Amino acid sequence: MEQRSLGRQGLVVSELGLGCMGMSEFYGPTDDEESIATIHRALALGITFLDTADMYGPFHNERLVGAAIAGRRDEVVLATKFGNQRREDGSWVGINGRPEYVRQACDASLSRLEVEFIDLYYQHRVDTSVPIEETVGAMAQLVEQGKVRYLGLSEAAPSTIRRAHLVHPISALQTEFSLFTREPEQELLPTLRELGIGFVAYSPLGRGLLAARPAALGEIGAGDFRSDRYPRFMAENREHNVALADRVREIAEAKGATPAQLALAWVLHQGQDVVAIPGTKRVRYLEENAAAAELELDRETLSQLDEALPAGAARGDRYADMSRVNL
């Protein structure tokens, strides 16, 4: 697995990471034993960039990741996030970017992960009630204290990123990016490249739609938030989006690849400053995803994908409530 630099501060990660969120919540039943096996297999394959957050579970995901990497901390580039505040029972508190909360959240994450420092610490969502300068100022203090190595933002707008970057260098910006979500190409990626900030693409498989896996194509079970939280899976949009995914599958099959591999290879092809963190909780899907790093895309294939899925081709918003993103 090749390595890529995020930002200009020295952060280097595997070009494919592992999103761990679904191991604890949101995508149906979970199995800690299989999840830990998936993390261990990722490390064996060179996928060493692990992504979690305090709100996943909530709190369970950090504990799970911490247990999985126990005794192997030096093999991992560990990213976690704060800002989406939830209670232990799962209830929602709100978005919190207050400096005192930043410090509390970091200490709590360190304890749950059972590590001495976090490699990449993100503000998960922008708190519009707190100046970004104050939030990032508190995050910068964590770097000074040795609790955090590099800083990141998630779902922040270009103007917010610029303000944050003046307070302390931002190494990475994380947002949704895939053949279904190409909006970052317009303004976000150019801004990041101007500032020297790396890009971390989450949901690079369109929450499973681009992987053409059964759960994404209509067989969504209990406990899977895609059934009512993501408009692209709702009846009026799903048929249209599945048809787009079918076209990806056709192009992939012509190359001897799976749809997931083609979709991930497309993200990786967007630049050496771009990495992808597909999420999975199963070893077999992890291994399939990992093979995407070996897939080379020629001009003809890229042209076919551009024609089949131009920007804006997917139908439906990314979230039912878009008020918490791109702020």
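Every value quoted in this text rests on a predicted model; they were computed, and no experiment measured them.
Here the side chains of Asn84 and Trp92 are in contact, with some heavy-atom distance below 4.5 Å. Residues Tyr319 and Arg324 form no side-chain contact, since every pair of their non-hydrogen atoms from C-beta on lies 4.5 Å or further apart. Annotation: side chain of Thr181 is not in contact with side chain of Thr175 (no heavy-atom distance under 4.5 Å). With a 4.5 Å cut-off on side-chain heavy atoms, Leu210 and Leu262 do not count as touching. The side-chain heavy atoms of Tyr122 and Val200, taken from C-beta on, include a pair separated by under 4.5 Å. The side-chain heavy atoms of Arg87 and Val93, taken from C-beta on, include a pair separated by under 4.5 Å. A heavy-atom distance below 4.5 Å is found between the side chains of Ile39 and Val65. Between Glu183 and Asn326 the shortest side-chain heavy-atom distance does not fall below 4.5 Å.
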Practice prompt. Report the C-alpha distance between Leu209 and Phe233 in whole Å, list the side-chain angles of each, state the deciding distance to 0.1 Å, and finish with yes or no for side chain to side chain contact (heavy atoms under 4.5 Å, CB included).
Written response: CA-CA 9 Å; Leu209 269 172; Phe233 289 83; 3.6 Å; yes

Item to complete: Mind running side-chain hydrogen bond (donor to acceptor under 3.5 Å, both in side chains) on Ser303 and Asp306 for me, showing each step along the way?
Response: CA-CA 5 Å; Ser303 178; Asp306 282 339; over 6 Å; no

Worksheet item: Could you go step by step and tell me if Glu34 and Val283 meet the side chain to side chain contact (heavy atoms under 4.5 Å, CB included) rule?
Response: CA-CA 7 Å; Glu34 174 71 8; Val283 171; 3.7 Å; yes

Item to complete: Test side chain to side chain contact (heavy atoms under 4.5 Å, CB included) on Arg207 and Glu176 and set out the steps.
Response: CA-CA 10 Å; Arg207 303 189 187 278; Glu176 187 169 349; 3.6 Å; yes

Worksheet item: Could you go step by step and tell me if Arg4 and Leu268 meet the side chain to side chain contact (heavy atoms under 4.5 Å, CB included) rule?
Response: CA-CA 10 Å; Arg4 294 188 175 183; Leu268 295 180; 4.0 Å; yes

Fill in: Glu155 and Lys81: CA distance, side-chain angles, deciding distance, salt bridge (Lys or Arg N to Asp or Glu O under 4.0 Å) verdict
CA-CA 12 Å; Glu155 290 286 2; Lys81 316 176 198 73; over 6 Å; no

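Atom-to-atom distance recorded for Phe82:CZ and Met139:CE is 4.5 Å, nearest 0.5 angstrom. Taking CD from Glu2 and CD from Glu294, the interatomic distance works out to 8.0 Å, rounded to the nearest 0.5 Å. One distance of note links CD1 of Ile251 with CD of Gln304; it measures 5.0 Å at 0.5 Å rounding. To the nearest 0.5 angstrom, Thr280 atom OG1 is 11.5 Å from Met21 atom CE. Within the model, atoms NE2 of His168 and CD of Glu144 stand 7.0 Å from one another, a figure rounded to the nearest 0.5 Å. Rounded to the nearest 0.5 Å, atoms CD1 (Ile95) and OG1 (Thr128) are 7.0 Å apart.
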Show which side-chain atoms of residues 108-121 pair as donor or acceptor with protein atoms under 3.5 Å away, not counting sequence neighbours.
from	atom 1	to	atom 2	distance (Å)
Ser109	OG	Glu62	OE1	3.2
Ser109	OG	Glu62	OE2	2.8
Ser109	OG	Ala105	O	3.3
Arg112	NE	Glu62	OE1	2.7
Arg112	NH2	Glu62	OE1	3.0
Asp119	OD1	Arg149	NH1	3.1
Asp119	OD2	Arg73	NH1	3.1
Asp119	OD2	Arg73	NH2	2.9
Asp119	OD2	Leu78	N	2.7
Tyr121	OH	Cys106	N	3.1

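For the residue pair Thr191 and Pro158, the shortest heavy atom distance occurs at OG1-CB, 3.7 Å. Minimum heavy-atom separation, Asn289 to Leu205: OD1-CD1, 4.0 Å. Across Thr80 and Ala53, no two heavy atoms sit closer than the pair OG1-CA, 3.3 Å. Of all the heavy atoms in Ser154 and Arg125, the pair that sits closest is OG-NH1, 3.3 Å. The two atoms that bring Val130 and Pro99 nearest to each other are CG1-CD, 4.5 Å, heavy atoms only. The shortest non-hydrogen separation linking Pro169 to Leu151 is O-CB, 4.2 Å.
The main-chain N or O of Val77 is never found under 3.5 Å from a side-chain atom of Thr48 such that the two would form a donor-acceptor pair. Asp298 places a side-chain N or O within 3.5 Å of a backbone atom of Thr301 that can act as its donor or acceptor partner. Checking side-chain atoms of Thr135 against main-chain N and O of Gly97 turns up a donor-acceptor pair under 3.5 Å. Within the 3.5 Å criterion, the main-chain N or O of Leu309 finds a donor-acceptor partner in the side chain of Arg182. Between the side chain of His40 and the backbone N or O of Ala68 there is at least one donor-acceptor pair closer than 3.5 Å. Under the 3.5 Å distance criterion, the side-chain polar atoms of Glu134 are left unmatched by any main-chain donor or acceptor of Pro131. Of the possible donor and acceptor atoms, none in the side chain of Thr30 sits under 3.5 Å from a partner among the backbone N and O of Ser24. With hydrogens and angles ignored, the 3.5 Å screen pairs a side-chain donor or acceptor of Asn61 with a backbone N or O of Cys20. Between the side chain of Arg232 and the backbone N or O of Gly316, at least one donor-acceptor pair lies under 3.5 Å. Checked by atom type and distance alone, the side chain of Gln261 pairs as donor or acceptor with a backbone atom of Glu288 at under 3.5 Å.
Under the 30°/60° scheme for interplanar angles, the aromatic rings of His124 and Tyr56 are found to stand perpendicular. Between Phe177 and Trp266, the two ring planes are tilted [angle within 30° to 60°].
More than 12 heavy atoms of other residues, nucleotides or ligands shown are found within 6.0 angstrom of CD on Glu185. Around CD of Glu236, the count of heavy atoms belonging to other residues, nucleotides or ligands within 6.0 Å exceeds 12.
Under a 4.0 Å N-O distance rule, the pair Glu25/Arg86 qualifies as a salt bridge. A salt bridge links Arg163 with Glu133: at least one charged nitrogen is closer than 4.0 Å to a carboxylate oxygen. A salt bridge links Arg247 with Glu250; the closest basic N to acidic carboxylate O contact falls under 4.0 Å. Under 4.0 Å is where a charged nitrogen must lie from a carboxylate oxygen, and between Arg193 and Asp273 at least one such pair does. Ionic pairing of Glu253 and Arg249 is present here: one or more N-O contacts between side-chain nitrogen and carboxylate oxygen are shorter than 4.0 angstrom. Ion pair Glu194/Arg162 flagged as a salt bridge, since at least one NZ, NE, NH1 or NH2 atom sits closer than 4.0 Å to an Asp/Glu carboxylate oxygen.
Between Asp32 and Ser35, the side chains place no donor N or O within less than 3.5 Å of an acceptor N or O (distance only, hydrogens not considered). A side-chain donor from one of Ser171 and Gln9 sits under 3.5 Å from a side-chain acceptor of the other. Side chain to side chain, Asp51 and Gln174 meet the donor-acceptor criterion of an N or O pair below 3.5 Å.
Taken together through direct or relayed side-chain contacts under 4.5 Å among Ile, Leu, Val, Met, Phe, Trp and Tyr, Leu305 and Leu189 form part of one hydrophobic cluster. A continuous path of hydrophobic side-chain contacts links Leu16 to Leu45 [ILVMFWY only; heavy atoms under 4.5 Å]. Two different hydrophobic clusters hold Leu192 and Val126 under the rule that ILVMFWY side chains link at heavy-atom gaps under 4.5 Å.
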